[in-house]
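To start, the structure under review is shown below, and the notes come after it.
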Amino acid sequence: MKRHWWKVLAVLLLFYTLIAGLLGKVPAMAILNETIRNMYFHVTMWFAMMILMIVSLVNSIRYLGDFNLQADVRAEESARVGMVFGVLGILTGMIWAKYTWGAWWVNDVQLNGAAGTLLVYSAYFLLRGSLEDEQKRAKLAAVYSIFAFAMMVVFIIVLPRMTDSLHPGKGGNPGFSSYDLDTDLRKVFYPAIIGWTLLGVWIMNLRIRYRKLLQQNEI
Amino acid sequence: MKMLHKLLSLFFVILLTGGTAFGQDQVEMADLMRSNGKIYVVVAVVGVVLAGLIVYVMMVDRKISRLEKMMREKK
């Protein structure tokens, strides 16, 4: 249990997110109506992705420090799970957009930036796949990973705030409440971020252990 | 007097009914689904999906733990 407490916490937080997320009190806002609850299931995907990409970045830098292939494995697997969250973020965002903005996609800075980020990270995996030699692959991937992270920050965080955007929180729009997030939303939003991130870390951890087993058996 | 009475009644009817279309004071929320209990069905359904996924992750976790144990014992 000492080693598994955070997994239990993840499960508890996720069930809390589901129950309080669907049944709890939320501010009544025009156009959004009940869909504001997507805060807990769409926005949280992006937070989880960002956190996992930070883990990937840190491990890429660690690899470049001492060329320890374990760090490279961690960098790859955290980016992989981060990508999954990114794809889920885009899909959930598209559903939300269809029923509030009227279209699955709009030509908007934030949306295009998010899609661009996923392309940049897809290229990371393509790059890895194209190299056979372990150390060479790890070195190139680590350097690319640093640039990929920088691009993600520019695409998702910087550019949308600088230009016009339809997306909440960007382009001069308020993020869901006048200047601050509503208290009722916060009560579920923050635990949800932790819950989803912990789930992502759990899956990343499983993949890393799996890779280690493959390596030990020389598969 | 009767004319005035009619006019006043007409005035009040328009006042009370005609103005409600302009601007929504009350944002519609899914109170219907809450009131007829169906929202709990949604929670239950998604809960089953979540529980299923968690159980799967736990099974994979246990399988990997067993393999790791085997590897340690082999050494």
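Within every chain, numbering begins at 1; the chains are lettered A, B, ... in the order of the sequence lines, protein sequences first and strands thereafter.
- Closest approach of B/L67 to A/L213, counting heavy atoms only: CB-CD1, 3.7 Å.
- Within a 6.0 Å sphere centred on OH of A/Y210, other residues, nucleotides and ligands contribute 12 heavy atoms or fewer.
- Below 4.5 Å, heavy atoms of chain B meet no heavy atom from residues 120-128 of chain A.
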Tell me which donor-acceptor pairs under 3.5 Å the side chains of residues 52-59 of chain B have, and how far apart each pair is, sequence neighbours excluded?
none

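- Against chain B, no residue from residues 65-80 of chain A qualifies, as none has a non-hydrogen atom under 4.5 angstrom away.
- Counted within 6.0 Å of NZ on A/K212, heavy atoms from surrounding residues, nucleotides or ligands total 12 or fewer; the atom is thus considered open.
- Taking CZ of A/R209 as the reference point, atom NZ of B/K63 lies at 13.0 Å (rounded to 0.5 Å).
- Residues forming a salt bridge (Lys or Arg N to Asp or Glu O under 4.0 Å) with A/K7 (at least two apart in sequence, or on another chain): B/D61.
- Interatomic distance, B/L50 CG to A/F15 CZ, rounded to the nearest 0.5 Å: 4.0 Å.
- To the nearest 0.5 Å, atoms CZ (B/R62) and CG (A/L206) are separated by 12.0 Å.
- Remark: A/N107 CG is loosely packed, at most 12 non-hydrogen atoms of other residues, nucleotides or ligands lying under 6.0 Å away.
- Proximity of A/L22 to B/Y40: side-chain heavy atoms (C-beta onward) are nowhere separated by under 4.5 Å.
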